[in-house]
Amino acid sequence: MGGLPPILPLLLLLPTGTVSLEQLDLSRCRFALGMQDGSIPDSHLSASSAWSDSTAARHGRLGRSDGDGAWCPAGPVFPQEQEFLEVDLARLHVVTLVGTQGRHAGGHGREFTGSYRLRYSRDRRRWLRWRDRWGQEVIGGNEDPEGVVLKDLAPPPVARALRIYPRAPRAMSVCLRLELYGCPWDAGLLSYTAPQGQVMLLDPAPVVLNDSTYDGYSVGPLQFGGLGQLADGVLGLDDFTRTRERRLWPGYDYVGWRRPPGPQPHVELEFEFEALRSFRAMQVHCNNMHTRGVSIFKEVECLFKRTLATAWEPTPATHSLAGTMKDPSARSIMVPLGGRQARFIQCHFFFSGEWMLFSEVTFFSDMVEEIVGSSGWPPASPPDPSVGVMAIHEDQWHGDMATNITTPAPMDPNRGQPVAKADHSHTSILIGCLVAIIMLLLGVIFLILWRQYWKKILGKARPSEDELRVQLSVPGDTIVINNVTAAARGPPRYERIPPEEGEYQEPTRPPGPPAPPGHGYRLLLATYAQPMGGLGRAPPDGAKPINTDEPEGGAEAYAEADVTGGSAYPACGPAPCPALPAFPRRRLRFRQKLGEGQFGEVLLCEVEDPQALPPGSRPPDLPRGRPLLVAVKVLRPDATKNARRDFLQEARTMGRLRDPNIVRLLGVCAGPGPLCIITEYMEHGDLHQFLGGPTGHALSLATLLHVGAQIASGMRFLSGLNVVHRDLATRNCLVGPGVTVKVADFGMSRPLYTAHYYRVRGRALLPIRWMAWECILMGTFTPASDAWAFGVTLWEVLTRCREQPYGRLSDEQVIANAGHHFRAQGRQEYLPCPPGCPPALHGVMLRCWARDAADRPSFGLLHRLLRDRSGLA
């Protein structure tokens, strides 16, 4: 191959080592990151496809001709542009340049990439499109297969992984060799949250002071979850109406806010770091152009916390600027932070003038090694150093070091002979054995007492005869799970047991007749042979059981609860099933795997040109100028005929659910390839992660009530169709632009939420912390039990998902609490009023948790209460 271009030796001759990105210097952050020299291992290289093993991703290293000389995708990249080469950098880096080559292979190769796009990720889950300062995505590439072309990335992305997508003007083969340049992102900053910058109206042109390179989310006036101009290493000029970059608008270097009304006007910025750090100082580069009404802040107050779930530490770090700064030059203000340890920092900057403009915020900090005890949590307080030293010396004296010291044997004063020292070795062994035996006996006694306690609890958890008679009057139906027919819920199933037994059991024997009073009952909680979840229709009076031999879409088919994330939706009821729209499979581009479902995988994909979709596959709020995110449920290749039928029944039922607050079915992919159900997916992900992220604390009570009202609206639509959700929770709601919330149903497919479910005998998964007592004890699911789950979901929203419902109770104690609700003897526990929640709103939740289903509010009433907020403030 030919020689390297002149600039590459200069890059390689830069001093090696790590650039401290506490003060990011982009001119020095240009080290080769390891494609050419092999420090990035082959295991960290992957690709969407390859011609063959000799053109796999590991051969896409700049300046090398291993294999057939480059990475080459299996097919042409025109016009879809969905082939990519991915590099995992293993940790966060600032990527400042990209170097590309074609396939030369000693003169035999002729393929190269004329242009490309980049995507990057800081967590390997969310992939961001790189755009330059003018909003352009396309980067110019090579003009021949041998030469190296270096392209600066401005702004430089902070990324752990990067994908390069080759482009071509027509259907042709392309190949690529690659090197990345930059430096480690040692600052550890993952994201910052800030109000959106504003526009200063000046003559002759307005000055736009927004954060134009921010790569996070925007909700109303707030930006969160990303990085932008406050962390790009570029310091603004003294005159903020001028910029360092040509062809950019005035004010580009700064993010600015105008003084709001109020007694102590301030701007709040919050910073999230990758790990726990000890902070020495914060440096803020500010503009101070008095003639334009811009001044440096007069005071800053910073709060700290170590984890997202904990509260802010009560003692802030404060710093005041003495006097006024008359020099109009921009400057960096150093704020001491006193070595405070945190992962999250929230700073309030107080105005001294009409405007406040920042161009860079830098933290000087060090990593903190967290000490984790045997319990898995950090110690409550640091150990006393003096105690530690004394303990070490004492151990050394009485331990191993004592064997190296020769001391005279004690003498008998009467006889002048050495006195034999007592040998305590056997005594210590005997004492240790006795302690072990005692601990073993205590453990056995504890297990016996625990077993007796549960026998007593479960023996009392028996419905009254009237309630049992009501349940026996509802005809059971039949479900098909993995091609195995099982008796579905009808009456609760019990069997007579000896007095000394009291555990939950799998339904291995048919239920016998009701036992006479005085006998214990074993509640067969695991009559669900698979985990719960998924929408289901509440059987109306007189409903017939499903006939498993009946053709698909039988008018009287009512589906039962099913497995994790799969949600076997109910078959269509008396109303005719709508025709399923065909979704063009070729328009789906894979982004990431969401998890496993009953029928197969659940994938997140995107459609880059949603306007070209058939009319029946377009959502009503079709995004313009950006891709459409969709969730794809894929039927596994080895699925049985019954599983395929249930899969299509789910799609038919979803086709009937057309409501602004219900996730919408977009179509089905049939024909060649696996059978797929396509539903819309909201760009901000599920509500649980959205509220628990950096934006959660910034949402007002009115916004949280609006979130609850939208969930209630969607559930009102479902209950109007007599459809029961069975797994309503924030993890099963999706969030879109403007905090638009829609009810979905695939939360159980994600490993992230396995702790939210209780596994019964290693098989069934039940969301017991969201389930009404009659669901846990009797297997009865109705719209009223969904109202109970809505109360828990509303509690999650008001706590911003900072803790799990009944977090101080174990799973077994939650089940015992269901028995207390059933007996209504005053021993039942309720979720407490969330911080800042009005008592009247907590009263609405308590009504949702009423013992009798008839006393719980309907979703229509819940929607009106939360929408109008009358009496809730």
Beyond-backbone contact of [X] with [Y], side-chain heavy atoms, under 4.5 angstrom:
X: L92; Y: L189; result: no
X: K305; Y: F344; result: yes
X: L62; Y: T100; result: no
X: D211; Y: Q223; result: yes
X: S65; Y: H104; result: no
X: L180; Y: H93; result: no
X: Q346; Y: E268; result: yes
X: F690; Y: Y217; result: no

[X] to [Y] - nearest heavy-atom pair and separation:
X: A56; Y: A50; value: CA-CB, 3.9 Å
X: Y757; Y: R731; value: OH-NE, 2.7 Å
X: L628; Y: P610; value: CB-CB, 3.8 Å
X: G692; Y: C801; value: N-CB, 4.3 Å
X: L33; Y: C183; value: CD2-N, 4.1 Å
X: R802; Y: L308; value: NE-O, 3.7 Å

Quiz item: Run the side chain to side chain contact (heavy atoms under 4.5 Å, CB included) check on F78 and V174 step by step: do they pass?
Solution: CA-CA 10 Å; F78 177 85; V174 298; over 6 Å; no
Practice problem: Given side chain to side chain contact (heavy atoms under 4.5 Å, CB included), test L734 with Y681 step by step and report yes or no. | Solution: CA-CA 7 Å; L734 297 180; Y681 190 86; 3.9 Å; yes
Would you say [X]'s side chain and [Y]'s backbone share a donor-acceptor pair under 3.5 angstrom?
X: R343; Y: F273; result: yes
X: D66; Y: G69; result: no
X: S48; Y: F84; result: yes
X: R122; Y: R160; result: no
X: Q101; Y: G63; result: yes
X: D132; Y: L153; result: no
X: S49; Y: A74; result: yes
X: R103; Y: D68; result: yes
X: S121; Y: A161; result: no
X: Y214; Y: G226; result: yes

Exercise. May I ask you to decide if the ring planes of Y192 and F271 are parallel, tilted or perpendicular, using 30° and 60° as cut-offs?
Key: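 Plane angle between 30° and 60°, so tilted.
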Practice problem: Take the angle between the ring planes of F304 and F279 and call it parallel below 30°, perpendicular above 60°, tilted in between. | Solution: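 Correct class here is tilted.
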Spacing of [atom1] belonging to [X] relative to [atom2] belonging to [Y], to within rounding of 0.5 Å:
X: T96; Y: L150; atom1: OG1; atom2: CG; answer: 10.0 Å
X: C605; Y: R585; atom1: SG; atom2: CZ; answer: 11.0 Å
X: C733; Y: M682; atom1: SG; atom2: CE; answer: 10.5 Å
X: R244; Y: R133; atom1: CZ; atom2: CZ; answer: 11.0 Å
X: R306; Y: E313; atom1: CZ; atom2: CD; answer: 6.5 Å
X: E606; Y: Q82; atom1: CD; atom2: CD; answer: 10.0 Å

Exercise. Apply side chain to side chain contact (heavy atoms under 4.5 Å, CB included) to the pair D366 and R280, showing each step before the final yes or no.
Key: CA-CA 8 Å; D366 302 294; R280 305 188 300 276; 2.6 Å; yes
Quiz item: Between R177 and R64, is a side chain to side chain contact (heavy atoms under 4.5 Å, CB included) present by the stated rule, with each step listed?
Solution: CA-CA 8 Å; R177 286 179 286 173; R64 296 171 60 167; 5.7 Å; no
Practice problem: Report the C-alpha separation of D686 and Q689 in whole Å, then their side-chain angles, then the decisive distance to 0.1 Å, and conclude whether the side-chain hydrogen bond (donor to acceptor under 3.5 Å, both in side chains) test is met. | Solution: CA-CA 6 Å; D686 69 73; Q689 293 189 74; 2.8 Å; yes
Quiz item: Is it the case that R277 places NZ or CZ above or below the six-membered ring of F363, under 6.0 angstrom from the centre and within 45 degrees of the axis?
Solution: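 That pair does not qualify as a cation-pi contact.
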Practice problem: May I ask you to check whether over 12 heavy atoms, not counting those of R110, lie within 6.0 Å of atom CZ? | Solution: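 No, because the 6.0 Å sphere around CZ of R110 holds 12 heavy atoms or fewer from other groups.
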Quiz item: Is atom CZ of R129 surrounded by more than 12 heavy atoms (other residues, nucleotides or ligands) closer than 6.0 Å?
Solution: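 Yes, the 6.0 Å shell around CZ holds more than 12 heavy atoms from other groups.
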Practice problem: Could you check E111 against S173 for side-chain hydrogen bond (donor to acceptor under 3.5 Å, both in side chains), going step by step and ending with a plain yes or no? | Solution: CA-CA 6 Å; E111 301 84 7; S173 298; 5.9 Å; no
Practice problem: Walk me through it: do D152 and R30 pass the test salt bridge (charged side-chain N to carboxylate O under 4.0 Å, His left out)? | Solution: CA-CA 10 Å; D152 278 278; R30 302 167 79 85; 3.2 Å; yes
Self-check item: Pair H285-S359, side-chain donor/acceptor within less than 3.5 Å
Solution: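 Their side chains do contain a donor-acceptor pair, which is all the 3.5 Å distance test asks for.
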Quiz item: Taking it one step at a time, do S278 and Q341 satisfy side-chain hydrogen bond (donor to acceptor under 3.5 Å, both in side chains)?
Solution: CA-CA 4 Å; S278 176; Q341 295 184 2; 4.9 Å; no
Practice problem: Sort out for me which residue in E86, E83, E81 forms a salt bridge (Lys or Arg N to Asp or Glu O under 4.0 Å) with R163. | Solution: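 By the salt bridge (Lys or Arg N to Asp or Glu O under 4.0 Å) criterion, R163 pairs with just one of E86, E83, E81: E86.
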Quiz item: Is D215 salt-bridged to R131, going by a charged N under 4.0 Å from an acidic O?
Solution: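 Looking at R131 together with D215, the answer is no, because their closest N to O distance does not fall below 4.0 Å.
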Exercise. Run the numbers on D37 and S39 for side-chain hydrogen bond (donor to acceptor under 3.5 Å, both in side chains), then give the verdict.
Key: CA-CA 6 Å; D37 65 12; S39 56; 2.9 Å; yes
